[in-house]
Visitor: 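Can you keep this structure in mind? I'll have questions shortly.
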Amino acid sequence: MSELYKIVEKILENGKGVLAADESTGTMKKRLDSVGIESNEKNRLIFRETLFSSFSIKDCIGGVLLYDETIKQKTSSGRTIPELIKESGSITGIKVDTGAKTLAGSKDEKITEGLDGLRERLNDYYKLGARFTKWRGVYIISDKYPSKLSISANAHALARYAALAQEAGMVPIVEPEVLMDGNHSAKDCFNKTSEVIKRCYDELYLNKVDMKGTILKPNMILPGTDSNESISNNEVAEMTLECLKNNVPSEVPGVAFLSGGQSEIEATNNLNEINVKNDSSFKMTYSYGRALQQSALKFWSNDINNIKGTQEVFDHRARMCTLAAQGKWSESIENSK
Ligand code: 13P
């Protein structure tokens, strides 16, 4: 079996998911500011090392996505962060795009950059211990967006990235994120997400990406955050499954959703419902940032020396998400800590 397939299998085994701890320094500053903690290199390391040395990394987290700063940092005991992750039996991943910038030709939209010099950076990350990677394309919804230009340009970049990641021996996580911002309906989200994902796979095929050695990281199908529409977990699951079954090639082994601004409980409940109803060949799991870290961050900010307490909060969340990835989560389990 190709090494890439083994990596995918290990990340997704038994309801495991991905901890997306790859916030850029700017995004991490926003997260830390929101709980009144100064964003400096030391504090970012303390919080992340706390999470990465939790029990649930071994039992629930198949892969940990890092940012460039973190993959080069050393833990308090002198090991590198990838060594710490490996000791727990998890796999190190790395965000390799360099962020979303204004798209020339459609100034309200963004194009993700980072292709220049990517081959060399990928080889460096491999040497540091990374075995999977992430690239995020970002799309807005309105009556005129996402534009054909944004759909085409971002799909092209995602596909060129994915081909280069596989060439370097690493699994690409392909993340086309249709944002929740706006007053659009769930049906609009369904239609636009379908168009975005379909176009991504057209480009991935063109770039000869081996689908079996990839993971898709999409948004779930939800109404916009400013919309008055309210839909059930059941409807979210049905629309999300339909969108993916219609547009993702069946050779793709797994889908690891982003949480995108949903609360921890919503993201868990929706993932559970998707798995209860899953009649596709795809494994459906999580690659959450906020929906795994929010409570832990809040708890930690009250006393940054309370490592054990913070880890307990994180472990609970990771366990709940892994149960949801198996379709075994319930509100009573959630509340019976
Ligand atoms: P959220 O789960 O907070 O959306 O983050 C996931 C992610 O990696 C976005 O790129």
Side-chain angles (χ1 to χ4, degrees), residues 11 17-35 47-48 51 60-71 91-101 110-114 130 132-141 154 157-158 161-162 165 171-182 189 193 196-197 200 214-222 224-225 236 240 254-271 274 284-298 314 317-318 320-322 324-325:
I11 294 172
V18 174
L19 165 60
D22 60 330
E23 298 87 357
S24 64
T25 302
T27 302
M28 199 57 187
K29 179 170 170 14
K30 276 192 225 151
R31 303 273 186 270
L32 291 173
D33 283 352
S34 75
V35 293
F47 179 63
R48 286 167 163 160
L51 301 188
C60 305
I61 304 295
V64 181
L65 268 168
L66 304 177
Y67 182 60
D68 181 73
E69 173 184 76
T70 324
I71 200 170
I91 300 181
T92 292
I94 180 80
K95 168 196 174 76
V96 300
D97 66 68
T98 55
K101 309 282 158 57
K110 299 251 190 302
I111 177 71
T112 302
E113 295 190 344
F132 73 105
T133 57
K134 185 188 102 172
W135 180 290
R136 172 174 174 260
V138 54
Y139 310 81
I140 50 172
I141 298 189
N154 278 295
L158 273 162
Y161 138 76
V171 168
I173 291 193
V174 173
E175 182 181 11
E177 175 175 6
V178 179
L179 293 172
M180 279 168 72
D181 305 335
C189 179
T193 303
V196 161
I197 292 180
C200 282
T214 65
I215 295 173
L216 175 67
K217 176 164 174 165
N219 49 286
M220 293 178 191
I221 304 301
L222 297 161
T225 38
V236 172
T240 303
V255 171
F257 293 97
L258 58 96
S259 59
Q262 297 179 74
S263 72
E264 291 179 338
I265 302 294
E266 272 172 328
T268 311
N269 201 342
N270 284 331
L271 178 62
I274 288 169
M284 300 284 195
T285 189
Y286 56 92
S287 174
Y288 292 163
R290 283 162 288 180
L292 271 175
Q293 299 181 57
Q294 226 154 30
S295 295
L297 180 64
K298 212 162 168 204
F314 175 72
R317 205 63 258 134
M320 293 302 108
C321 287
T322 282

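Residue indices begin at 1 and follow the sequence shown. Since the model is a prediction, treat every value here as computed from it, not as a measurement. Remember, it's 1-based here, ligands and their atoms both numbered in the order they're listed.
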Visitor: Please indicate whether K30 has more than 12 foreign heavy atoms, meaning atoms of other residues, nucleotides or ligands, lying under 6.0 Å from its NZ.
Guide: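 Check fails, neighbour count at 12 or below.
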Visitor: Under the salt bridge (Lys or Arg N to Asp or Glu O under 4.0 Å) rule, collect the residues that match up with E264, sequence neighbours excluded.
Guide: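 Residues passing salt bridge (Lys or Arg N to Asp or Glu O under 4.0 Å) with E264: none at all.
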Visitor: So, does K134 use its side chain to make a donor-acceptor pair with the main chain of L65 at under 3.5 Å?
Guide: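 Such a contact is absent between K134 side chain and L65 backbone.
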Visitor: Using a 4.0 angstrom limit on heavy atoms, which residues are close to ligand 1?
Guide: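 Heavy-atom contacts below 4.0 Å: A20, D22, K134, R136, E175, K217, L258, S259, G260, S287, Y288, G289, R290.
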Visitor: With no hydrogens and no angle check, just 3.5 Å: does a side-chain donor-acceptor pair link Y288 and T268?
Guide: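 Y288 vs T268: no donor-acceptor pair found between side chains.
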Visitor: Measure from the side-chain N and O atoms of S263 to the backbone N and O of E266, and report whether any donor-acceptor pair falls under 3.5 Å.
Guide: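 Checked: pair present.
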Visitor: Identify which one of E23, E113, E177 satisfies the salt bridge (Lys or Arg N to Asp or Glu O under 4.0 Å) criterion when paired with R136.
Guide: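 Single pass found, and it is E177.
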